[in-house]
Amino acid sequence: MTSGPRFIGSEIYRRSTYGGRHPLAIPRVSTCIDLCRALGWLPDAFYIDSPRATPEQLARFHDPAYIAAVQRAEATQGLPAAEQERFNLGRNGNPIYPEVFRRPATACGASILAGRSLAAAPGVIYSPAGGTHHGRPDHASGFCYFNDPVLAILAMLDGGLSRVFYLDVDAHHGDGVQDAFHDDPRVFTLSIHEDARWPMRKEGAGGIDDRAGGAARNLPVPEGFNDSEMDFLMGEAVLPLIEAFAPEAIVLQCGADALAEDPLSKLALSNAALWRVVAGVTDLVPRLLVLGGGGYNPWSVGRAWAGVWATLNGFEIPQRLPAQAEAVLRALEWRHSRGRNPPEAWFTTLADAPRPGPLRDAVRDLAARALRP
């Protein structure tokens with residue numbers, strides 16, 4: 001790769017939707033791309049059009065029978081009831097929509113390309129369409145049909161890397177990635193997510209004591225988790241764990257659903273807190289892959305992910321957006337109560353107002369327990 005971060009995207013996300021009132025019936029990747037271009041941050045030389053993963057590539061992690069079922073679901077726009085239940089397709093928030101194979105396969109193609117590229121040479125790659133961390137080998141889960149972070153990490157390992165750190169700051173536990181590498185000491189997974197929110201289970205998965213096979217930590221944070229608390233966890237737990245593991249590469253899942261405006265969590269971060277996470281890991285290793293993830297408010301996720309790209313490049317965030325970027329945000333629609341009268345700041349700014357708050361004992365305790373042997 002030539003000098004500078006690379007952005008992998010695709011136009012498939014502009015026209016594809018999960019449909020109806022599904023939380024992913026909103027434009028996310030296309031909004032991020034449009035904002036970056038409107039701000040002059042994404043020249044063609046730094047943009048890569050994503051390939052689509054082949055069934056053979058997907059089978060590095062996923063069951064061929066499941067991959068074939070997703071292909072059939074797209075071709076016929078339906079599946080028999082028994083197959084819907086077996087593969088969790090067309091149910092439980094995983095709809096069968098027109099691009100149900102092509103769209104997630106494209107996200108996986110980007111992550112596989114990124115993993116292979118970074119295994120071959122140092123660099124920074126950003127793929128906001130990635131981050132589908134709930135995908136399971138043989139079924140869909142939590143809006144995720146395939147697991148692109150797992151495929152990216154496998155591509156890195158297959159390319160010769162031996163130590164990869166996976167950091168997940170989505171509001172939901174990165175269960176699919178943790179379980180994929182449960183017994184693999186080459187991969188350390190760390191998930192910061194809202195306590196007691198799906199997919200955390202009664203048996204303790206995703207809890208502070210869940211260390212999988214040993215190379216894993218989980219930081220289940222309380223409702224109202226604020227910027228001060230995220231900064232504290234980064235300094236007191238995340239960075240020390242990364243430094244102790246001494247990875248050759250970091251994969252950062254940067255879901256935007258921990259932001260205060262998101263409807264699917266009760267966390268209270270500003271997008272600047274996410275950008276500080278990105279900045280905090282950028283210079284730690286020679287290889288960095290940043291992915292998207294959750295995020296269900298089109299304004300907050302588009303603004304947050306555009307700011308991630310700015311952070312990776314060292315671009316200054318403008319106090320007020322120029323007219324072309326503002327037009328991108330004013331063109332958005334959201335069929336949700338919070339979308340009826342959006343605040344003016346969602347149109348005119350990229351950065352949220354800071355959201356500091358008290359540093360609670362529960363958060364201090366998470367950091368201390370994460371560092372215990």
Check: Just by modelled atom types, is the Gly293 backbone N or O under 3.5 Å from a matching donor or acceptor in the Arg28 side chain?
Finding: yes
Next item on the list: Give the intermediate values and the outcome of side-chain contact (heavy atoms from CB on, under 4.5 Å) for residues Arg163 and Glu248.
Entry: CA-CA 6 Å; Arg163 298 181 76 79; Glu248 298 162 287; 4.0 Å; yes
Item checked: Distance, nearest 0.5 Å, that separates OG of Ser111 from CD of Gln57 -> 11.5 Å
Checklist line | Lys/Arg-Asp/Glu bridge criterion (N-O < 4.0 Å) met for Arg86, Asp138 | finding: no
Next item on the list: Give, for atom CG of Leu167 and atom CG of Leu291, the distance between the pair rounded to the nearest 0.5 Å.
Entry: 11.0 Å
Notebook entry, point to check: Looking at OG1 of Thr348 and CD of Glu344, how far apart are the two atoms once the value is rounded to the nearest 0.5 Å?
Noted result: 5.5 Å
Notebook entry, point to check: If only atom types and distance count, is the side chain of Asn88 paired as donor or acceptor with the main-chain N or O of His139 below 3.5 Å?
Noted result: no
Checklist line | Polar side chain donor-acceptor pair, Ser16 to Glu99, under 3.5 angstrom | finding: yes
Item checked: Backbone of Asp231 reached by a side-chain donor or acceptor of Arg276 within 3.5 Å -> no
Notebook entry, point to check: Honestly curious: do Trp198 and Phe143 fall in one hydrophobic cluster under the side-chain, below-4.5 Å linking rule?
Noted result: no
Note to self: With side-chain contact (heavy atoms from CB on, under 4.5 Å) as the criterion, how do Asn147 and Arg136 come out once you've worked through the C-alpha distance, each side chain's angles and the decisive distance to 0.1 Å?
What the structure shows: CA-CA 7 Å; Asn147 196 312; Arg136 296 294 179 160; over 6 Å; no
Note to self: Has Asp352 got a side-chain atom pairing as donor or acceptor with Asn271's backbone, closer than 3.5 angstrom?
What the structure shows: yes
Item checked: Approximate separation, where rounding is to 0.5 Å, of Thr282 OG1 and Leu252 CG -> 8.5 Å
Item checked: Heavy-atom check, side chain of Phe87 versus side chain of Tyr145, under 4.5 Å -> no
Next item on the list: Answer yes or no: is there a donor N or O on one side and an acceptor on the other, between the side chain of Trp305 and the main chain of Cys254, under 3.5 Å?
Entry: yes
Margin query: Using every non-hydrogen atom in the two residues, find where Asp227 and Ala268 come nearest and quote the distance to one decimal.
Written below: OD1-O, 4.2 Å
Notebook entry, point to check: At their closest point, which heavy atom of Gly159 faces which heavy atom of Ala119, and how far apart are they?
Noted result: CA-CB, 3.8 Å
Notebook entry, point to check: For the residue pair Ala367 and Glu236, what are the closest heavy atoms and their distance?
Noted result: CB-CB, 4.1 Å
Next item on the list: Go through the steps to decide whether His336 and Asn297 satisfy the test side-chain contact (heavy atoms from CB on, under 4.5 Å), and finish with yes or no.
Entry: CA-CA 9 Å; His336 188 280; Asn297 172 332; over 6 Å; no
Item checked: Under 3.5 Å donor-acceptor, Asp148 side chain and Gly131 backbone -> yes
Check: If you measure from OG on Ser162 to CG on Leu157, what distance do you get to the nearest 0.5 Å?
Finding: 8.5 Å
Check: Taking the six-membered ring for Trp, are Tyr18 and Tyr97 parallel (under 30°), tilted (30 to 60°) or perpendicular (over 60°)?
Finding: parallel
Notebook entry, point to check: Under 3.5 Å, side chain of Arg355 to main-chain N/O of Leu269, donor-acceptor pair present?
Noted result: yes
Item checked: Ser117 side chain near Ile125 side chain, heavy-atom distance below 4.5 Å -> yes
Notebook entry, point to check: Distance only, no hydrogens: is a donor on one side chain within 3.5 Å (strictly under) of an acceptor on the other, for Asn218 and Gln178?
Noted result: yes
Notebook entry, point to check: Would a 4.5 Å heavy-atom cut-off, applied to side chains only, mark Tyr166 and Val150 as touching?
Noted result: no
Check: Can Arg102 and Glu74 be counted as an ion pair, charged N to O under 4.0 angstrom?
Finding: yes
Item checked: Within-4.5 Å side-chain heavy-atom neighbours: Pro5 and Asn313 -> yes
Checklist line | Closest non-hydrogen atom pair, Pro240 against Leu371 | finding: CB-CD2, 4.1 Å
Item checked: Gap between atom CD1 of Ile153 and atom CG of Leu118 - 0.5 Å precision -> 12.0 Å
Note to self: Just checking Asp49: does its CG atom have more than 12 heavy atoms from other residues, nucleotides or ligands closer to it than 6.0 angstrom?
What the structure shows: yes
Checklist line | Arg60 side chain to Leu154 backbone, donor-acceptor under 3.5 Å | finding: no
Checklist line | Derivation of the side-chain contact (heavy atoms from CB on, under 4.5 Å) call for Arg287 and Leu161 | finding: CA-CA 10 Å; Arg287 298 167 175 86; Leu161 300 188; 3.8 Å; yes
Notebook entry, point to check: Do Phe225 and Glu194 come within less than 4.5 Å of each other through their side chains, counting heavy atoms only?
Noted result: no
Next item on the list: For the residue pair His173 and Asp175, confirm or rule out a side-chain donor-acceptor distance under 3.5 Å.
Entry: no
Margin query: Is the ring pair Trp346/Trp334 parallel, tilted or perpendicular, if the boundaries are 30 and 60 degrees?
Written below: tilted
Next item on the list: Run the salt-bridge test on Glu229 and Arg360 with the 4.0 Å N-O cut-off and return the result as yes or no.
Entry: yes
Check: So, Asp257 versus Ser265: side-chain donor-acceptor pair below 3.5 Å or not?
Finding: no
Check: Judged by atom type as modelled, is there a donor-acceptor pair below 3.5 Å linking the side chain of Ser228 to the main-chain atoms of Gly357?
Finding: yes
Notebook entry, point to check: Near Glu333 CD, under 6.0 Å, is it more than 12 heavy atoms from other residues, nucleotides or ligands?
Noted result: no
Note to self: Is the shortest side-chain heavy-atom distance between Phe61 and Pro137 below 4.5 Å?
What the structure shows: yes
Item checked: Residues Arg303 and Thr349: side-chain donor-acceptor under 3.5 angstrom -> yes
Notebook entry, point to check: With respect to Phe7, which candidate in Trp309, Trp41, Phe46 satisfies the ring pair (Phe, Tyr, Trp, His ring centres under 6.0 Å) definition?
Noted result: Trp309
Next item on the list: Check whether any side-chain N or O of Asn226 sits under 3.5 Å from a backbone N or O of Pro356 as a donor-acceptor pair, and report yes or no.
Entry: no
Next item on the list: Measure across Asp168 and His172 and return the closest heavy-atom pair with its distance rounded to 0.1 Å.
Entry: OD1-O, 4.1 Å
Check: Quick one: are Phe347 and Trp299 in side-chain contact, heavy atoms under 4.5 Å?
Finding: yes
Next item on the list: Answer yes or no for Arg217 and Phe188: cation-pi contact, defined as NZ/CZ to six-membered ring centre under 6.0 Å and angle to ring axis within 45°.
Entry: no
Notebook entry, point to check: Do Val177 and Val251 have side-chain heavy atoms sitting under 4.5 Å apart?
Noted result: no
Margin query: With side-chain contact (heavy atoms from CB on, under 4.5 Å) as the test, pick out the partner of Ser10 among Ser127, Ser50, Pro51.
Written below: Ser50
Note to self: Quick check: closest heavy atoms across Leu58 and Ala105, and the distance to 0.1 Å?
What the structure shows: CD1-CB, 4.4 Å
Side-chain donor/acceptor pairs under 3.5 Å, residues 314-326, sequence neighbours excluded:
unit_1	atom_1	unit_2	atom_2	d
Arg320	NH2	Glu326	OE1	3.2
Glu326	OE2	Arg330	NE	2.7
Glu326	OE2	Arg330	NH2	3.0

